[in-house]
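A note on names: the letters A, B, ... follow the listed sequences, proteins ahead of strands, and every chain is numbered from 1.
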Amino acid sequence: MHSELETPVRVRFAPSPTGHPHLGNIRAALFNWLFARHHGGKFVLRIEDTDVARKVEGAVDTIVGSLRWLGLDWDEGPYFQSQRSATYRDIAHRLLQEGHTYSCYCSAERLEAMRQEQAKRKQPPRYDRRCRNLSQQERAQLEASGITPVVRFKTPHEGETTVHDLIHGAVAFKHATLDDFVLLKSDGYPTYHLANVIDDHLMAISHVLRGVEWLSSTPRHVLLYGALDWQPPLFAHLPMILGPDRAKLSKRHGAATIIDYQEQGYLPEAMVNFLALLGWSLDDHTELLTREELIEHFSLDRVGKTGAIFDKDKLEWMNGVYMRRLSLDEFVGRALPFLDRGLPESVQRPLDEGYVHQVMSLIQERARTLAEVPELTDFFFLDDVQYDTDLLLGKDLDTQSAINAITTTLHSLQGVAHWDASLLEAVLRPLAKELGLSTRAFFGLLRVAVTGRTAAPPLFQTMEVLGQEKCLRRLSAALQLLSGSS
RNA sequence: GGCGCAUUCGUCUAGAGGCCUAGGACACCUCCCUCUCAAGGAGGAGAUCACGGGUUCGAAUCCCGUAUGCGCUACCA
């Protein structure tokens with residue numbers, strides 16, 4: 001075991017481009033990044049694209065895009081394992097010469113049949129090592145038949161390997177429960193086990209921080225390091241992020257990729273804060289931490305062991321907090337793309353920036369995500385508002401008094417010279433009294449008339465932003481509606 | 001089936017033998033503020049610390065079993 005003082009911290013995020021990175025992957029990336037930044041070390045990005053068949057087009061772009069969006073900058077890479085085949089072959093060759101591996105000619109069909117047989121007999125499915133002790137002659141024969149072999153590792157039959165995990169402590173695995181795993185596939189590409197060990201060593205990775213689903217294969221890696229006579233890195237297996245059903249998070253659980261959250265209007269800084277708290281905590285009360293605080297305090301010994309269900313409600317709350325903390329300009333800048341995309345077609349583009357500013361100042365503290373900004377504010381941008389006439393009438397407001405109230409309001413507002421919130425309030429509040437209506441009923445009526453909805457930003461400010469002309473027009477329209485229905 | 005890991009309020013978590021009649025946060029409920037909605041403030045409900053045995057004067061914390069969940073068990077990563 002080496003000390004942290006002598007070895008510079010180098011960690012890596014090594015996703016495979018077999019799909020878009022989901023929250024679990026990204027959380028692993030975040031922890032690696034935080035660990036690197038905390039220790040002043042390096043964060044390396046490596047793409048593990050050794051599975052040609054499962055490769056997904058565009059996945060690398062999403063990986064890069066996700067990291068960029070969250071601000072997880074890397075110091076080296078991306079390295080692509082698909083471009084390092086020669087290295088893996090060389091080292092596999094060395095392993096073969098040193099007697100740590102052997103070629104296996106078994107067909108997929110035979111392996112499948114073997115596994116079925118084992119399952120039937122309730123035996124653990126494991127390669128039966130048929131090719132491990134082939135005679136020279138048998139080997140030559142198989143070689144001549146044109147079969148391209150895979151290369152397997154000679155796992156010791158006896159003994160055990162103990163993995164020293166920084167989070168879980170010592171975990172022992174009996175060699176008898178491991179099988180002769182494949183190092184080189186018949187297509188010439190290495191398996192994860194080989195490529196991962198070689199690259200981590202060659203790239204001088206000091207700490208491997210990865211999901212706990214890798215814990216079971218770590219003894220194989222440790223065995224490989226031993227065979228190569230290399231010093232293994234330190235391991236830390238991170239707890240899993242679970243779906244609401246407590247199963248490993250996947251596409252089945254709906255929004256699982258980080259890009260989904262970007263589209264749903266979450267702020268990257270909120271996302272980082274939230275993800276950091278999934279499996280890590282500072283103390284018994286701190287929930288909100290800036291990126292700098294996260295870097296300053298992050299440590300492996302405060303990483304938990306238990307899988308965490310992703311709690312979207314809490315994310316929403318946290319996102320709201322971050323949205324409210326933004327300066328108005330900043331908020332407008334972030335909301336603009338969502339408005340552009342989310343507002344009805346009928347709204348004239350480009351949006352008037354000054355007007356957007358005024359509107360945004362009214363809903364900044366009300367929105368929990370950027371994606372809900374358009375629906376929260378569309379009435380500010382539309383020419384007319386549609387709503388159910390019934391909304392105008394409350395429990396203590398009949399049609400006649402509503403008509404009366406709006407008519408009076410229209411009169412009072414017609415001549416208002418300085419259309420601003422305080423003046424509107426100065427005019428309308430006394431009016432409620434005159435009309436014998438509660439402010440609740442009266443302002444509620446006006447709110448529906450002017451915005452088309454029962455929940456909106458404060459009435460007077462809303463009216464100020466909407467402007468005199470639009471307000472009067474909508475008030476008149478409400479009057480029409482009421483007259484028509486009576 | 002085998003191997004491994006995990007198990008504290010619905011959820012995220014604090015807790016590293018006495019500070020715990022278990023703390024915080026989200027969600028939920030009530031009240032206050034109030035023109036509605038948010039935000040904010042004050043309260044509330046919510047966990048026999050999976051269960052059973054030990055160890056100890058004393059256990060959520062240590063040990064051993066059991067149960068449950070999850071992961072791995074591929075020429076996937």
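Distance noted for atom P between B:G1 and B:A16: 38 Å (whole Å). Atom name C1', nucleotides B:G46 and B:G24: the rounded distance is 14 Å, in whole Å. The C1' atoms of B:C72 and B:A39 are separated by 47 Å, rounded to the nearest whole Å. Of the P atoms belonging to B:A38 and B:C26, the separation is 15 Å, rounded to the nearest Å.
Per the geometry, CG belonging to A:D284 stands 13 Å off C1' belonging to B:C20, to the nearest Å. For the pair A:Y127 OH and B:U73 C1', the interatomic distance rounds to 17 Å; values are reported in whole Å. Atom pair A:Y192:OH and B:A74:P shows a separation of 17 Å (rounding to whole Å applied).
Out of B:A74, B:A39, B:G2, the shortest distance to the side chain of A:T177 is found at B:G2.
By the 4.0 Å N-to-carboxylate-O rule, A:R110 lies close enough to A:D128 to be salt-bridged with it.
Checking A:T407 against A:N404 by side-chain atom types alone, no donor-acceptor pair falls below 3.5 Å.
For the pair A:R334 and A:F338, the cation-pi criterion (under 6.0 Å, within 45° of the ring axis) is not fulfilled.
In the interface, the side chain of A:K314 is paired with the base of B:A25 through a donor and an acceptor atom under 3.5 Å apart. In the interface, the side chain of A:R54 is paired with the base of B:C76 through a donor and an acceptor atom under 3.5 Å apart. A:S216 contributes no side-chain N or O that forms a donor-acceptor pair with the base of B:C72 under 3.5 Å.
If you check every strand for non-hydrogen atoms under 4.0 Å, A:K185 touches a base.
In this structure, A:H237 does not reach the B:C5 phosphate: none of its side-chain N or O atoms is under 4.0 Å from OP1 or OP2.
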CA sep, side-chain torsions, deciding dist, call: A:H157, A:R129, side-chain hydrogen bond (donor to acceptor under 3.5 Å, both in side chains): CA-CA 11 Å; A:H157 297 83; A:R129 294 172 165 166; 3.1 Å; yes
